[in-house]
Amino acid sequence: MMRVAALVQVSTWLLLAACGADIESRQEPQTSGDARRGRAALERHDCDVCHVIPGVRGTAGRVGPSLKDFAHRPHLAGKFATGEGQVIRWILDPPAMAPRTAMPAVGVSEAEARDMAAYLLTLK
């Protein structure tokens with residue numbers, strides 16, 4: 001299955017290159033949030049209590065997964081595509097997406113979630 005996904009991705013890149021598309025610009029996620037504010041929001045909401053988050057103070061958390069290399073992960077919570085919209089929805093209310101998750105909704109505003117997603121999507 002992974003070979004098929006890799007083949008599809010390579011084929012897509014080749015088609016884009018043949019059409020004159022700029023592949024490099026497609027590798028950087030385009031987000032609607034501000035990564036700098038997102039890092040501050042991750043600190044303010046104490047996300048490092050559960051997660052190791054590069055660039056965020058403390059980062060001693062071991063309850064949740066490390067968020068190192070977050071941008072390279074194909075899935076969020078093991079089943080959702082790691083696109084900006086999905087990441088924002090997850091940050092806003094994880095139990096709404098995965099009722100059995102241990103991650104609680106912590107009262108993050110939509111603007112904060114957008115910024116937090118922007119920061120997480122810079123972690124490569």
Side-chain angles (χ1 to χ4, degrees):
M1 190 63 163
M2 290 181 70
R3 284 185 179 183
V4 172
L7 182 60
V8 169
Q9 187 175 23
V10 168
S11 298
T12 301
W13 285 346
L14 291 173
L15 286 171
L16 288 171
C19 294
D22 181 8
I23 294 172
E24 288 299 315
S25 67
R26 299 194 190 290
Q27 291 177 345
E28 285 296 316
Q30 298 298 314
T31 61
S32 58
D34 180 284
R36 184 182 43 79
R37 288 192 314 249
R39 183 175 155 249
L42 288 162
E43 290 180 355
R44 194 169 45 257
H45 286 279
D46 295 319
C47 298
D48 62 309
V49 170
C50 295
H51 300 280
V52 170
I53 311 168
V56 173
R57 64 152 171 77
T59 66
R62 299 285 185 250
V63 176
S66 169
L67 300 181
K68 180 181 179 202
D69 300 324
F70 184 85
H72 289 297
R73 296 181 187 177
H75 296 99
L76 175 66
K79 56 182 159 183
F80 305 107
T82 310
E84 181 188 21
Q86 293 285 63
V87 175
I88 292 168
R89 284 182 54 222
W90 179 260
I91 292 169
L92 285 170
D93 192 1
M97 292 178 71
R100 293 185 176 159
T101 185
M103 185 168 164
V106 294
V108 173
S109 72
E110 188 168 338
E112 288 175 313
R114 187 173 292 111
D115 292 340
M116 293 162 96
Y119 181 76
L120 293 173
L121 290 169
T122 68
L123 301 178
K124 296 180 180 186

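FYI, the numbering just counts along the sequence from 1.
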* **Selection residues 99-111 - residue pairs positive for salt bridge (charged side-chain N to carboxylate O under 4.0 Å, His left out), sequence neighbours left out** => Glu110-Arg114

* Do Val106 and Leu42 belong to the same hydrophobic cluster, where Ile, Leu, Val, Met, Phe, Trp and Tyr are linked whenever their side-chain heavy atoms lie under 4.5 Å apart, directly or via other members? -> yes

* **Rounded distance [0.5 Å steps], CE in Met116 versus SG in Cys47** => 3.5 Å

* Once you round to the nearest 0.5 Å, how far does CE of Met97 lie from CD of Gln86? -> 4.0 Å

* Are any side-chain N or O atoms of Arg36 and backbone N or O atoms of Asp115, one a donor and one an acceptor, separated by less than 3.5 Å? -> no

* Might you work through the side-chain contact (heavy atoms from CB on, under 4.5 Å) test for Arg39 and Val56, ending with a clear yes or no? => CA-CA 7 Å; Arg39 183 175 155 249; Val56 173; 4.0 Å; yes

* **Any residue meeting side chain to side chain contact (heavy atoms under 4.5 Å, CB included) with Arg44, in chain and number order, not counting sequence neighbours** => Ala40, Ala41, Glu112

* **Heavy-atom pair with the smallest gap, counting every atom of Ala113 and Val108** => N-CG1, 3.5 Å

* For Leu92, which fellow cluster members are found when Ile, Leu, Val, Met, Phe, Trp and Tyr are connected by side-chain heavy-atom distances below 4.5 angstrom, either directly or through intermediates? -> Ile88

* Step-by-step side-chain contact (heavy atoms from CB on, under 4.5 Å) determination, Asp69 to Leu123 -> CA-CA 5 Å; Asp69 300 324; Leu123 301 178; over 6 Å; no

* Asked: Does Ala98 have any side chain to side chain contact (heavy atoms under 4.5 Å, CB included) partners at least two apart in sequence or in another chain, and if so, which?
  -> Lys79, Phe80, Trp90, Thr101

* Asked: Is the shortest heavy-atom distance from the side chain of Tyr119 to the side chain of Asp34 under 4.5 Å?
  -> no

* Structure fact -> In short, Pro104 meets Pro95 closest at the heavy-atom pair C-CD, 4.3 Å

* Asked: Between Glu84 and Leu121, is a side-chain contact (heavy atoms from CB on, under 4.5 Å) present by the stated rule, with each step listed?
  -> CA-CA 8 Å; Glu84 181 188 21; Leu121 290 169; 4.1 Å; yes

* To do: Quick one: list whatever passes salt bridge (Lys or Arg N to Asp or Glu O under 4.0 Å) with Asp46, sequence neighbours left out.
  => Arg57

* Could you tell me which non-hydrogen atom of Ala105 sits nearest to which non-hydrogen atom of Asp93, and how far apart they are? => CB-OD1, 3.6 Å

* Structure fact -> Taken in chain and number order and not counting sequence neighbours, the residues that satisfy salt bridge (Lys or Arg N to Asp or Glu O under 4.0 Å) with Arg89 are none

* Donor-acceptor contact below 3.5 Å, side chain His51 vs main chain Leu67 -> no

* **Heavy-atom closest pair, residues Thr82 and Phe70** => CG2-CE2, 3.6 Å

* Can you list the steps and then say if Glu43 with Asp48 is a side-chain contact (heavy atoms from CB on, under 4.5 Å)? -> CA-CA 7 Å; Glu43 290 180 355; Asp48 62 309; 5.8 Å; no

